[in-house]
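See below for the structure under consideration.
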Amino acid sequence: MKLFFLALYAKLIAITDIKYVRKWNNQLALLIQEGGAKIEMFEMPAAFIAFKTNEIQQLGEGRQLFYVDFDIHILDWQLDSGDGNFEQNLTVYDLKDKVFQAIQKYQPEITDVTVLVGACIRIGEEEDNDHNGVYHFIQHYRTTYIEQL
């Protein structure tokens with residue numbers, strides 16, 4: 001999974017406007033609120049990768065097929081976009097479109113011949129609007145991952 005993570009990382013960090021990419025570890029909990037002031041622990045816009053391995057099937061000869069779902073968490077914080085609509089950040093939609101363009105049908109060319117990854121396909125997306133000015137958009141993807149000894 002490490003090589004797959006690194007391949008996704010490279011695709012996301014190459015996106016214009018994405019300033020920070022990491023593995024998801026509920027970074028929203030790292031945003032500190034002190035007396036109404038917001039202290040960011042990472043630059044935004046940011047993207048985070050979260051893996052969720054589903055079923056694993058034995059293929060024989062030490063090979064295993066993983067059905068891997070993964071989420072891309074897109075975070076942005078912008079109080080005023082300068083268009084007269086205070087606290088209405090529509091650039092998060094531009095960011096989510098850029099992530100989709102980069103990841104949809106992406107098939108990492110991982111150089112380790114013991115790891116084969118299928119094409120990444122978006123299976124859903126959602127907005128999470130409960131974070132005091134932080135726009136949190138989540139895209140859900142699915143792929144296959146074959147690992148052998």
Side-chain angles (χ1 to χ4, degrees), residues 1-34 38-59 62-81 85 87-149:
M1 284 296 210
K2 179 180 177 181
L3 293 175
F4 183 33
F5 172 85
L6 293 172
L8 288 173
Y9 175 91
K11 284 295 272 188
L12 292 170
I13 202 70
I15 295 172
T16 304
D17 300 324
I18 300 284
K19 296 180 180 177
Y20 189 85
V21 178
R22 293 292 187 273
K23 183 170 178 8
W24 178 249
N25 192 17
N26 197 18
Q27 278 81 354
L28 282 174
L30 298 177
L31 298 178
I32 300 169
Q33 299 286 335
E34 289 185 13
K38 179 174 173 294
I39 301 172
E40 296 181 28
M41 304 302 280
F42 48 86
E43 275 190 280
M44 290 194 206
F48 297 91
I49 304 163
F51 289 118
K52 295 181 270 185
T53 301
N54 292 323
E55 181 182 340
I56 299 174
Q57 293 180 353
Q58 290 291 3
L59 298 177
R63 293 178 300 161
Q64 291 186 316
L65 171 68
F66 295 73
Y67 293 96
V68 178
D69 288 355
F70 64 94
D71 295 337
I72 305 295
H73 295 260
I74 303 161
L75 277 65
D76 194 15
W77 186 64
Q78 180 185 81
L79 289 179
D80 188 356
S81 63
N85 293 308
E87 290 193 15
Q88 177 175 283
N89 177 1
L90 300 180
T91 59
V92 73
Y93 295 114
D94 297 331
L95 291 169
K96 76 108 178 162
D97 289 342
K98 288 178 181 182
V99 169
F100 174 73
Q101 294 291 324
I103 303 299
Q104 178 70 7
K105 297 185 180 179
Y106 172 55
Q107 186 166 2
E109 296 178 16
I110 296 175
T111 56
D112 185 340
V113 295
T114 65
V115 177
L116 302 171
V117 179
C120 301
I121 304 298
R122 183 174 59 181
I123 57 172
E125 62 182 28
E126 63 186 285
E127 286 187 70
D128 175 12
N129 297 314
D130 193 26
H131 300 289
N132 296 332
V134 176
Y135 291 85
H136 181 203
F137 202 95
I138 308 163
Q139 291 185 341
H140 308 287
Y141 289 88
R142 180 171 290 150
T143 191
T144 55
Y145 181 92
I146 298 175
E147 197 169 56
Q148 58 189 2
L149 296 173

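- Using a 4.5 Å heavy-atom cutoff, the side chains of V99 and F137 are not in contact.
- A search for side-chain contact (heavy atoms from CB on, under 4.5 Å) contacts involving P108 returns F4, A7, Y106, I110, V117, not counting sequence neighbours.
- For Y93, the side-chain hydrogen bond (donor to acceptor under 3.5 Å, both in side chains) partners are E127, not counting sequence neighbours.
- Heavy atoms only, all atoms of each residue included: K23 and F48 are closest at O-CD2, 3.9 Å.
- With rounding to the nearest 0.5 angstrom, the CD1 atom of I74 is 9.0 Å from the CG atom of D97.
- Here the closest heavy-atom approach between residue V134 and residue W77 is recorded as N-CD1, 3.7 Å.
- Considering only residues two or more places apart in sequence or on other chains, K52 meets the side-chain contact (heavy atoms from CB on, under 4.5 Å) condition with D69, D71, H140.
- Screening residues 6-20 for salt bridge (charged side-chain N to carboxylate O under 4.0 Å, His left out) gives D17-K98 as the qualifying pairs, with residues at least two apart or on separate chains.
- To the nearest 0.5 Å, the span separating OH on Y141 from CD1 on I72 amounts to 6.5 Å.
- Under the 4.5 Å side-chain criterion, counting only non-hydrogen atoms from C-beta, R22 is in contact with Y9.
- For the atom pair OH of Y135 and NZ of K96, the computed distance is 16.0 Å after rounding to the nearest 0.5 Å.
- You'll find the side chain of F51 reaches within 4.5 Å of the side chain of L8, heavy atoms only.
- Residues forming a side-chain contact (heavy atoms from CB on, under 4.5 Å) with L6 (at least two apart in sequence, or on another chain): K2.
- Looking at residues two or more places apart in sequence or on another chain, you find no side-chain hydrogen bond (donor to acceptor under 3.5 Å, both in side chains) involving Q101.
- By the 30° and 60° cut-offs, the orientation of the rings of W24 relative to H136 is parallel.
- One distance of note links CD of Q104 with SG of C120; it measures 8.5 Å at 0.5 Å rounding.
- Rounded to the nearest 0.5 angstrom, D76 CG and I18 CD1 are separated by 8.0 Å.
- Remark: the backbone N or O of A119 is paired with a side-chain donor or acceptor of T143 at under 3.5 angstrom.
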>> Applying side-chain contact (heavy atoms from CB on, under 4.5 Å) to F42 and L75, what does each step give before you reach the verdict?
In response: CA-CA 10 Å; F42 48 86; L75 277 65; 3.9 Å; yes

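- A 4.5 Å side-chain heavy-atom check between L12 and I103 finds at least one atom pair inside the cut-off.
- Not counting sequence neighbours, the partners of R122 by the side-chain hydrogen bond (donor to acceptor under 3.5 Å, both in side chains) test are E125.
- With sequence neighbours left out, the side-chain hydrogen bond (donor to acceptor under 3.5 Å, both in side chains) criterion links Q57 to E55.
- Using the six-membered ring where Trp is involved, Y145 and F66 have ring planes that are perpendicular, over 60° apart on the 30 and 60° scheme.
- Shown here are the side-chain contact (heavy atoms from CB on, under 4.5 Å) partners of Q58, two or more places apart in sequence or in another chain: Q64.
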